[in-house]
Protein chains: 2
Amino acid sequence: MAPVKKSGRITIRTVAEDAGVSVAAVSKVLRDAYGVSEALRTKVRASMSRLGYRPHAAARGMRGQTYTLGFLIPDMRNPFFSDIFAGVNVALERTQYQTLLGVSESATSIEMALIEAMIDRQMDGLIVIGPRMMSQDVMQVAARLPTVLIGHHATPGANFDTVNNDDRLGAELVVQHLAAAGYSHIAYLNQQVTDAEQTMVTTHREIGYRQAMKDAGLGKHIQVFQALQTSRETQGVVRHMLQSRNRPDAIFCWTDFIALEVLSVARELGLSVPGDLAVVGYDNTAYCDLAQNALTSIDQSGQVLGLQAARLLVERIKGRDQAEHFVVTPRLVARASSSPRRP
Amino acid sequence: MAPVKKSGRITIRTVAEDAGVSVAAVSKVLRDAYGVSEALRTKVRASMSRLGYRPHAAARGMRGQTYTLGFLIPDMRNPFFSDIFAGVNVALERTQYQTLLGVSESATSIEMALIEAMIDRQMDGLIVIGPRMMSQDVMQVAARLPTVLIGHHATPGANFDTVNNDDRLGAELVVQHLAAAGYSHIAYLNQQVTDAEQTMVTTHREIGYRQAMKDAGLGKHIQVFQALQTSRETQGVVRHMLQSRNRPDAIFCWTDFIALEVLSVARELGLSVPGDLAVVGYDNTAYCDLAQNALTSIDQSGQVLGLQAARLLVERIKGRDQAEHFVVTPRLVARASSSPRRP
DNA sequence: CAAAACTTGTAGAACGATATACGTAGAACG
DNA sequence: CGTTCTACGTATATCGTTCTACAAGTTTTG
């Protein structure tokens with residue numbers, strides 16, 4: 001008598017016995033591999049669903065794919081990432097892939113640790129939003145597994161794909177909009193980073209901002225501030241900025257999240273928006289639409305970004321090794337926070 | 001000549017050779033297992049760091065632990081979950097465990113699929129926030145792997161741990177606070193669920209609300225509404241509610257997130273807060289502090305909840321099988337949205 | 001001082017998939 | 001009709017750990 005399975009687990013072997021075929025055949029069906037007839041395929045499929053078989057991801061990870069994708073975000077508080085994530089899920093809905101999230105808290109060290117953890121867990125690919133790592137580290141990661149970056153402007157020769165909106169254009173749209181509405185002392189409130197890189201979206205936005213200011217003849221009013229790590233510190237910077245002698249009459253914030261803080265400080269200081277101060281954000285998140293914010297913002301369609309990123313990643317896992325870079329055109333959504341001035 | 005390792009990967013075998021000990025010994029060091037001398041331990045540790053060895057999680061998953069915990073949240077938009085997550089990370093900082101997130105979008109089907117995926121991937125344990133599954137499904141999951149629930153009031157005989165705040169008390173605090181401030185027509189805006197269970201936090205809050213209303217002699221003013229799935233639909237409900245003949249003079253929302261929508265609708269309708277309408281939320285998230293919201297809320301210290309959940313989960317993985325239930329006392333944080341009425 | 005108990009280490013069988021190498025038909029070809 | 005293809009299946013080594021069973025050495029016990 002053959003040695004009977006002791007464990008209760010339903011493995012590929014159980015399925016093979018049930019269907020009366022070899023283990024290898026079942027594996028082929030599982031992977032949609034070449035060399036199985038339609039008859040055998042349906043027979044095996046039937047056995048699998050009858051037994052309620054579920055492939056063991058760890059075992060798969062030993063040899064082949066895990067069908068798990070890593071998704072890394074800097075922050076859980078920024079609702080923009082939620083939009084992107086929704087797009088990713090739409091793209092993967094009908095596939096075998098599952099996505100698991102990591103949150104880096106905008107810290108390079110945590111980001112690297114999470115990526116290591118995901119590589120250890122044999123994820124098939126990685127989507128990283130706004131990476132904080134040095135470019136060379138990104139290249140190293142991409143050499144180890146298929147990688148798509150969102151919100152990172154790659155330099156030529158990159159071995160990964162990117163998905164972006166045109167950040168320079170977005171910033172230009174903001175400045176043009178504000179200038180047309182009668183504002184001139186337009187400041188840019190940037191993200192705090194220890195060492196800015198050319199690849200960062202915020203760098204591009206700053207470049208776009210500076211260029212558009214010059215083009216509008218407002219070059220002498222260029223002012224760039226940095227938001228700090230915590231909410232409290234950022235409010236301090238903004239308060240200082242709004243109480244200074246040459247207070248700006250408009251603030252362009254690198255992301256909506258920060259713009260909400262600006263709105264708060266302005267109100268605390270008794271400044272009316274947009275009467276005394278116009279505020280514009282970036283990402284057009286759900287909070288912009290709330291009447292108490294009514295925040296003008298740049299829409300870069302997070303859903304589309306996520307969807308494209310997932311598509312590119314799956315392509316790359318399937319073998320493509322030519323880098324692709326997807327870019328969407330940003331669009332300004334005007335709301336009350338930047339209404340035209342009444343002179 | 002012995003067969004040389006072909007692959008470049010640094011495995012437990014490489015370490016064993018380098019340190020001049022057996023594979024089993026290295027494994028013991030790795031797992032802090034019994035039966036290794038201090039000398040051997042340090043020797044192996046040295047080899048590991050010299051070679052830059054990293055354990056292969058998939059291989060671990062075949063036999064032992066994966067040192068990966070699953071963390072399931074209903075929603076990425078609600079910043080309260082971010083606080084909880086931060087607490088979890090603090091608790092796990094100095095351990096080997098890594099946390100990976102899943103987002104169920106408040107849908108039972110996605111929630112179940114994610115849990116299956118996490119079980120397939122051999123996660124060592126699960127933390128689920130505000131589960132939407134039926135109680136019996138929860139029990140089945142908990143039977144398969146160590147489980148801690150946050151925001152779920154277990155019935156006696158549960159085989160999982162829970163971490164909660166006292167939701168009934170929280171709701172009572174709100175009603176007492178509003179009543180003392182001179183409001184009487186206090187409505188409760190609840191979460192939409194297909195079938196409410198006794199285990200849900202929102203059910204407890206509703207019970208607390210009803211009880212406190214009666215205790216305050218306001219029983220005849222009890223009104224419960226349901227927020228719907230999307231932001232737009234919820235705003236519709238609120239608008240209808242605020243334009244009805246017997247409009248409430250205060251609204252208690254089951255979570256801050258919804259309260260912000262109420263503030264928005266009130267403003268659109270030209271109602272002043274708190275002059276015409278007081279608004280109170282739950283969770284005391286970061287958005288409450290923004291001046292444009294100034295939202296009174298119940299603080300249930302998300303950080304503490306997350307920290308305790310992680311602690312309980314690790315204990316359970318280590319073998320405890322007696323259920324434990326941790327409860328924190330909620331605290332009301334008063335802000336301008338519920339200032340006392342001037343008669 | 002022999003027997004028992006403990007300590008420290010090793011060998012090697014799992015775990016559940018994947019994928020290579022190969023076997024066996026039947027079809028197509030000259 | 002023998003040879004070469006093609007299509008379909010199978011047997012089995014392999015991945016990197018964990019962990020049981022056991023061996024050898026050391027200390028304690030009676």
Side-chain angles (χ1 to χ4, degrees), chain A residues 2-44 47-48 51-68 96 119-122 124 317, chain B residues 2-44 47-48 51-68 96 119-122 124 317:
Chain A
V4 186
K5 288 254 75 61
K6 50 207 75 174
S7 151
R9 194 175 221 298
I10 292 165
T11 75
I12 200 175
R13 192 156 282 114
T14 325
V15 176
E17 278 167 21
D18 183 273
V21 297
S22 75
V23 171
V26 178
S27 175
K28 282 189 181 179
V29 172
L30 229 53
R31 292 172 287 130
D32 284 319
Y34 172 82
V36 272
S37 63
E38 201 50 51
L40 186 140
R41 187 182 303 278
T42 53
K43 192 168 61 178
V44 170
S47 281
M48 291 201 300
L51 297 170
Y53 166 75
R54 298 191 62 92
H56 191 296
R60 283 184 143 178
M62 295 281 307
R63 302 276 319 178
Q65 300 187 41
T66 53
Y67 296 97
T68 310
Q96 297 195 61
I119 292 176
D120 292 347
R121 283 159 187 75
Q122 299 293 108
D124 294 340
I317 290 170
Chain B
V4 186
K5 288 254 74 63
K6 52 207 75 175
S7 153
R9 195 175 220 297
I10 293 165
T11 75
I12 200 174
R13 192 156 282 115
T14 326
V15 175
E17 279 167 21
D18 182 272
V21 298
S22 74
V23 170
V26 178
S27 176
K28 281 190 181 176
V29 172
L30 230 51
R31 292 174 285 128
D32 284 318
Y34 172 83
V36 272
S37 64
E38 200 50 51
L40 186 139
R41 188 183 302 277
T42 54
K43 193 167 60 175
V44 169
S47 282
M48 292 201 298
L51 297 170
Y53 166 75
R54 298 189 62 92
H56 190 297
R60 285 186 145 176
M62 295 281 306
R63 298 282 316 182
Q65 299 187 41
T66 55
Y67 296 96
T68 309
Q96 297 195 61
I119 293 176
D120 291 347
R121 283 159 187 75
Q122 300 293 109
D124 294 340
I317 290 170

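Letters A, B, ... mirror the listed sequences (proteins, then strands); counts begin at 1. Everything numeric here is computed off the predicted structure, so don't read it as measured data.
- Phosphate proximity of C:dG16 to A:Thr11: absent, as no side-chain N or O sits under 4.0 Å from OP1 or OP2.
- Atoms CG (B:Leu40) and P (C:dT7) sit 16 Å apart, rounded to a whole Å.
- Taking both residues in full, the closest heavy atoms of B:Tyr67 and B:Arg60 are given as CD1-NH1, 2.9 Å, listed atom of the first, atom of the second, then distance.
- Computed from coordinates, the B:Glu17 CD to C:dT10 P distance equals 13 Å when rounded to whole Å.
- Nearest heavy atoms, A:Met48 versus A:Leu30: SD-CD1, 3.4 Å.
- Smallest separation of non-hydrogen atoms from A:Thr11 and A:Thr14: N-OG1, 2.9 Å.
- Nearest-nucleotide positions on DNA chain D for B:Met62 and A:Ser37 put A:Ser37 closer to the 5' end.
- For the pair B:Tyr34 OH and C:dT8 P, the interatomic distance rounds to 6 Å; values are reported in whole Å.
- The CZ atom of B:Arg13 sits 10.5 Å away from the OG atom of B:Ser22 when rounded to the nearest 0.5 Å.
- Between A:Val15 and the options A:Val23, A:Val26, A:Val21, a side chain to side chain contact (heavy atoms under 4.5 Å, CB included) holds for only A:Val26.
- Side-chain contact between B:Arg121 and B:Thr68: absent, with no pair of heavy atoms (C-beta onward) separated by less than 4.5 Å.
- Protein atom CD of B:Gln122 is 18 Å distant from nucleotide atom P of D:dG16, rounded to whole Å.
- Atom CG of A:Asp32 is separated from atom P of C:dA19 by 13 Å (rounded to the nearest Å).
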Using nucleotides 18-23 of chain D, report all nitrogen or oxygen pairs with the protein that are shorter than 3.5 Å.
from	atom 1	to	atom 2	distance (Å)
D:dT18	OP1	B:Arg60	NE	3.2
D:dT18	OP2	B:Ser27	OG	2.7
D:dT18	O2	B:Arg63	NE	3.0
D:dT18	O2	B:Arg63	NH2	3.3
D:dC19	OP2	B:Arg31	NH1	3.1
D:dC19	O4'	B:Arg63	NH2	3.4

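- If you measure from atom CD of B:Glu38 to atom P of C:dT7, you get 15 Å, rounded to the nearest angstrom.
- Atom CD1 in B:Ile10 sits about 12 Å away from atom P in D:dG16, given to the nearest Å.
- Helical stems in DNA chain C, defined as runs of 3 or more consecutive Watson-Crick or G-U wobble pairs with donor-acceptor distances under 3.5 Å: C:1-30 with D:1-30.
- The nearest pair of heavy atoms linking B:Gln122 to B:Gly61 is NE2-O, 3.4 Å.
- When the side chain to side chain contact (heavy atoms under 4.5 Å, CB included) test is applied to B:Asp18, the partners found at least two apart in sequence or on another chain are B:Ser47, B:Arg50, B:Leu51.
- Using a 4.0 Å heavy-atom distance criterion, B:Arg54 is classed as a sugar-phosphate-only contact.
- In this structure, A:Arg121 places its CZ atom 14 Å from C1' of D:dT17, rounding to the nearest Å.
- With hydrogens and angles ignored, the 3.5 Å screen pairs a side-chain donor or acceptor of B:Thr42 with a backbone N or O of B:Glu38.
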